Amino acid sequence: MGEKTVSKKRGKFDLIISKYGILFVLAAIIIVAGIISPAFLTGQNILNILKQVSATGMLAIGMTFVIISGGVDLSMGSILSLCGVVCVIMIPLVGTPLAILIALAVGVVCGTLNGIFITLTGGTMGSAFIITFGMATALGSLALTVTNGANVNAAAFADFKEIGQGSWGIVPITVVIFVVAVIAAQFVLRKTTFGRINYCLGINDEATHLSGIKVKKFRVLVYTVAGLFTALGAVMLCSRVSSASPIQGEGYELDAIAAVVLGGTRMGGGSGSAAKTVIGVLMFGILTNALNVMGVSSYQQMIVKGIIIMVAVLMDKRSIRVENEMLARTV
Amino acid sequence: MKHISKSFPGVMALDDVTFSVGEGEVHALVGENGAGKSTLMKIINGVYSADQGEIYISGKKVSIKNPLDAQRNGVSIIFQEFNLVDTLSVAENIFIGRLGGKKKMIDWKSIYKEAEKLLKSLNYDLDPRAAVETLSVAQMQMTEIAKAMSFDAKIIIMDEPSAVLTDNELKKLFDIVEDLKKRGITVIYISHRLEEIFQICDKVTVLRDGKIIDTGNVEDLNKEQIIEMMVGRKLDQEFPKREKKIGDVILRAKGLRRGDRVQDVSFELRRGEILGFAGLVGAGRTETMRLLFGADQMTAGSIELNGKQVHIKSPMEAKGEGIALLPEDRKKQGLLLELPITENISLVKLKKVMSKGNLINKKKEKDVAKGYFDSLKIKAPSVTQRVYFLSGGNQQKVVIAKWLFSDADIFILDEPTRGIDVGAKYEIYMLMNELVAQGKSIILISSEMNEIIAMSDRIMVMHDGKICAELNGEEITPENVLKHAIN
Amino acid sequence: MKEKISQFCRKNIVVIGIGILLVFMAFAAPNYFAYSTLTGLLTQVAIYGIVACAMTIAIIGGEFDLSVSSILPLATLLFAAMLPTLGLPLTIVVVTLIGVGIGCINGFFVAITKINAFIVTLATMIAIKGIMLTFCDGMPMPAVNESARQLAMGNVGGITVTVMIFFGCVILTELVLRKTKYGRNVFATGGNYDVAQYAGINVRFIKFSLFAILGGAAALAGTLLTCRLQAGSPLYGSDVALYVVSAAVLGGTSLAGGRGSAVRTLLGMLFIGMLLQIFTYINVYTYMQQLIQGAIVVVVVIMDALPSRKKGSDEEPVTVGNPE
Amino acid sequence: AEPSDSAAPAEESSSAAAPAEEESSEPAAEGTTKIVYLNGLLTAPYFGYLDTAMTDHAKELGVDLQILDGKMDNQVMYDQALSLIDQGDIDAIILTPVDMAGSVSIVQAITDAEIPLIICNSRVDASVEPLTDSLICCDPGYEGEVVGKLAVEQIPDGGKCAILEGVAGQEAQIYRTEGFKKAVEGSNIEIVDQKICEWDKAKAMSATDDLITAYPDLSIIYAQDDTMALGAIEAIKAAGKMDQIKVFGLGYMGDASKEALLAGELFGTCTQSPSWEGVTALDVAMDVINGKEVEEWYMTECLPVTKENCEEIDHGYNE
Ligand SMILES: Nc1ncnc2c1ncn2[C@@H]1O[C@H](COP(=O)(O)OP(=O)(O)OP(=O)(O)O)[C@@H](O)[C@H]1O
Ligand SMILES: Nc1ncnc2c1ncn2[C@@H]1O[C@H](COP(=O)(O)OP(=O)(O)OP(=O)(O)O)[C@@H](O)[C@H]1O
Ligand SMILES: [Mg+2]
Ligand SMILES: [Mg+2]
């Protein structure tokens, strides 16, 4: 449990820097990239970044729910692959809208299975880790089985491609979906029973249980929601790249966790928000894009990325400490 | 300690406190919840550093920056909140950080032997190999006490060591304190049970709102005076009177059983009644109540509510049937420490703080919390303060508020006044009276003899998982209760 | 006695799992039961097993490290690069020390600046990968050397030197965890950080050391892997972090810290190793292999949880008392 | 090793396949020949085609074929190899290593056990290559070269070129770039950037977005496989720069590639037939088991493919 030796007065300026530390790092990256490469700050490029992060951002939003509840989901990548191939395979058979619904259903079922298994095994971080690890292996190979290892092409389905490639005005549809999803997630977390209990699960599930709350039901629901967001991400991704590959989700779960944690949501649960996750998602998206645009080689990009993540969290770490003090002071 | 000040965000916990304790005396420190007692002790022990002030031990100025410094200066402490590593054994917790002394390798045999010796010297029967997570709260407390004793300390601080102990252990504790006194060791004793102070302490210091009110010899003071100093006003009586209006049976438990912890427990609870459950630590009272509340599943027995048989399999269903349980371990079972007071209270009945469309209404939530905040006199900078930062007693009040909010008909209160100051206790008793006056019923588990005797209409005494006596009216005397509890 | 065995099984999920696999193999592929299968299995898990030992200590201390997935491949490359000039023993020492050094960086950020270990080790993992790829320009490096080969292959009755080193690590870890002051302080720190701190344990040092050990172990494993495969590559060992954490968790080490043992992790390693091994004995449609592996993990974990459910309480048993 | 006439062994052995079955009965347990395919790159889509073709062919031949997933990990494959050797009833092993350098131990172990070893698709380290019985693959450097030459040919004016690469550290990633660079040397094509996209279409798309922003005058993208090339095309389409940027791929993938070529979106790629490789590897393995002479290297045909020739070339490739 946090710092106990608190105190020492802080200047106001100090407070602001600390509270919004990660935003300052983000701003710094944007400014530096803007100066080095004028192309970075163009409207087109900003839209590009948003497009690039939308689909994977959905996973991060789902992961936010899971992490707040004190769990983790390592199977998201595999669920993404599975939903993707199922969706694209189904389109010629049942049409786009129904295929998407089926894909979402697959995501929901996988998520719910995760939730049920995790609840059966005690609902701890450890059980979430190992169950979703097993599920990742199993579901990943299910996706491979479905397509026999090959890619499935969706180039011929114009209406499906519209989701990922079309735009309303200048705003790409995927970005709209992502923004809506973030707002919805934030709303659910802040305003609904499910959201509130999600935090409680991550803080102390025994006390929550003894408050007469169906802890198990809600824990399953958390993973169901994560599965749904993953499936949405899968549809967006497949439609953007107009094909589905049975391994396309590999490693995305770690990216999602990274974005959530970088945003400032604590591993172990009990705090965090969808809005914070968006910052994490953008941070990764902007960083990659900026380095690409500046022409940094792929290898060196990794070095720079590692260092910048560390700096960002270092600044944010301070902000968490300060936030605690501030929260204690709010009236 | 001279001129100690300490502030937390929004609170001035200690305000220029100067406090001295003579060598070899047992010095009581009393005050309302949130008065700053624990904070002061944590400063002596190096957990917090004071904003201002100095500490002198045996006339020498010392700098205590962390608990290790305190140990080196011969100060050891029993924290108010448990300070044990759950996953480790009793022996290891006692010698934590000092295992094996200077040697790198550990000689487990000698450690267990030493722990056993120590526990024996405390006249307490506890397996030093047991993991702490398997212990009852009282056993944990005794482990804490053993831990504090294991240092070669000159000053031992006990922050509410008795709150979770029953008479049996309490006696042992008193023996320990007597023994320490004989050996010339200084004890600082914090307690809300004022009788204890008269039993074992030489001097008493009263703290209120972070300031020292007075220090005096225990012999020169009486309970009323101390209470007056603590609360700042006179409290004519400790237990408020009430008119009894006992109605029909509302709850009937028949033959409850779970393993050998609860064996064939049957009792009835009437409308408007306060039913006391007395017994020694580990008598099975908590376990019985967990069955009623659906927190554990019974292996046999049945429960009738208003004459109808009910099957309660989870706290959720119990809540639906109008049963509330105030658990004995507030930190682990009662509170979400990282959430604010508001959210802790509203959790049991989120529906009541929702506006149209089933959305949580923060304002309503705040208003509700504010109500309890005022009526229970919870001391905190605001209702949105996180419970983590509250003093122990105030945390307890939040748990009470939470269950009051649930609108239950039957309140099971497991040690409700644990760690609560006299003033607040009085408020809680008033509240209980008010509840029964409304026709609600209360099951009160308490290890504090006075409280259970004064408050209960009827008392069930448990021993070893069985009900061994039911005391009514005139039969309710301390001697009777004790006799049956010890069996 | 029976009681004791059943209790042991209940506490050790993987024992059940291993049992099931053995029964299954008895029917599916009787030729599985050979001494060489066992030595093969041990050889297979030995290298990651060294990292697993260190990870067990770290998990007990309440921490977690992703960056071993980069430290290990980096070590294989460094080893391959240095071997020709430095000779075998010195190379192993130098590479291991470099690993410790990287671990110290992780340790510094986690213990001193108190950043979440997940994000720290993620950052170092990415950065080291970049450094490594720059260093070798993405190319694997051969490391063909007879004495190195002997280190990996040389054996006594099928037990290779690597396996012996691994067993040494398990015993050492177990000894450190059970018998030394340091080991117990790790338990205390992982079990309850505040309490450990109040007890005067140098919690920062403990946390710091966890990562240093991990770095060293990952690098040592990297050197042995290079000896075995006679090459270093940036691709090696990229799954080691998840692999060993899973093994530890399967073995019953709690991710919440304060609980666990190296022997249990060893069991977990063997179980996962067997899952990989059995498919060389039975011919299953390729993609189904992983499906089965994943399903077995899930089933075994659930089976372990079921008996405690039947006993009554639905959440983790809350109440006091040792089970008789 | 000199590339031989690639078509020959395939024909030869398919006719020899039937008698092979009966002859080979002595080493095998119950009359069937057991061949194991150790595939380190199993999950790459290319091998989806390869494995299917090989499995089907095994059924035709009545061979007991077992395919093992090497999980992109030489260590796993090494353990699998040891375990197989241990079982002792395997007639031949076909191997697709993850990388050259790390295959040394695997090859040594298998050849020490005197099990016939056929390498498929990716080469093993030169030091142990002589130990193997045969090699069926295309030279990744050569593939890159073919595409590079195609690019020089098709776009004599040249321009700025970016490369989308596979997983960092893989043989294919390294040599496909090397070969390409060799071919464009001295031409007007200037390589300005290389991005790791891990054979992933979505990553290729994002990288292309960024490349377009970074190099407004970019005129060529060379992707190390057609999947990434198709990703690049999607991004270029979205940016409305189809006229300006010309995309080259590698490893013709059948219909998906063909459509893109015919639509003029993909400028060129080269063939490498997974099914041919799979079938040939199995045939060669059978030949080795039956004691026939085999070539050292069956070179997978690598022909440039463009809009013009894709219709005819398609015949005989994927399935
Ligand atoms: N870490 C902290 N952060 C913020 N406020 C704190 C912290 N610790 C204590 N406080 C506040 O300081 C005041 C004094 O608390 P303290 O725990 O010393 O009271 P106490 O006298 O021990 O009360 P009790 O009898 O209830 O144990 C309280 O108002 C409490 O809310
Ligand atoms: N550490 C322990 N090991 C085994 N049995 C225990 C342990 N602690 C308690 N018990 C048993 O649990 C049963 C009930 O304990 P419980 O805590 O419910 O009692 P209680 O009457 O509520 O006591 P308390 O005053 O502590 O609240 C008793 O039969 C006791 O023997
Ligand atoms: Mg206190
Ligand atoms: Mg109790």
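The chains referred to below are lettered A, B, ... by the order of the sequence lines, with proteins before strands, and numbering in each begins at 1. This one's a predicted model, so the numbers in the text were calculated from it and none came from an experiment.
More than 12 heavy atoms of other shown residues, nucleotides or ligands fall within 6.0 angstrom of atom OH in Y35(C). Atom CD of E146(C) has more than 12 heavy atoms from other residues, nucleotides or ligands within 6.0 Å.
Annotation: the span from M100(D) atom CE to M139(C) atom CE amounts to 8.0 Å, rounded to 0.5 Å.
For Q230(C) and Q108(D), the side-chain atoms include at least one donor-acceptor pair closer than 3.5 Å. In this structure, a donor-acceptor pair under 3.5 Å is present between the side chains of N74(D) and Y236(C). Residues S83(D) and Q277(C) bring no donor and acceptor atom of their side chains to less than 3.5 Å of each other. If you check the side chains of D69(D) and Q289(C), you find no donor sitting under 3.5 Å from an acceptor.
In this structure, the portion of V167(D) lying under 4.5 Å from any heavy atom of chain C is its side chain and not its backbone. In this structure, chain D has heavy atoms under 4.5 Å from both the backbone and the side chain of T37(C). Contacts between L41(C) and chain D at a heavy-atom distance below 4.5 Å are absent for every atom of the residue. In this structure, chain C has a heavy atom under 4.5 Å from the side chain of I174(D), while its backbone stays farther away. With a threshold of 4.5 angstrom between heavy atoms, M141(C) approaches chain D through N, CA, C or O but not through any side-chain atom. Residue contact with chain C, scored on non-hydrogen atoms closer than 4.5 Å, involves the backbone and the side chain of L42(D) alike. Looking at Y285(C), neither its backbone nor its side chain comes within 4.5 Å of chain D, counting heavy atoms on both sides.
Counting heavy atoms from C-beta outward, V98(D) and L235(C) have side chains that approach closer than 4.5 Å. Between R228(C) and D79(D), the closest side-chain pair of non-hydrogen atoms falls below 4.5 Å. Here the side chains of Q75(D) and Y48(C) are in contact, with some heavy-atom distance below 4.5 Å. Here the side chains of D239(C) and K71(D) are not in contact, with every heavy-atom distance at 4.5 Å or above.
The nearest pair of heavy atoms linking Q66(D) to F279(C) is NE2-O, 2.6 Å. Of all heavy-atom pairs spanning A231(C) and A101(D), the tightest one is CB-O, 3.2 Å.
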### Query
After noting the C-alpha distance and the side-chain angles of T286(C) and L68(D), does the key distance pass the side-chain contact (heavy atoms from CB on, under 4.5 Å) rule?
CA-CA 6 Å; T286(C) 331; L68(D) 285 173; over 6 Å; no
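By number of non-hydrogen pairs under 4.5 angstrom with chain D, the leading residue of K129(C), M132(C), R149(C) is R149(C).
Exactly one of L82(D), I85(D), D86(D) qualifies for a side-chain contact (heavy atoms from CB on, under 4.5 Å) with S36(C). That residue is D86(D).
With hydrogens and angles disregarded, no donor-acceptor distance shorter than 3.5 Å links the side chain of T280(C) to the backbone of Q80(D).
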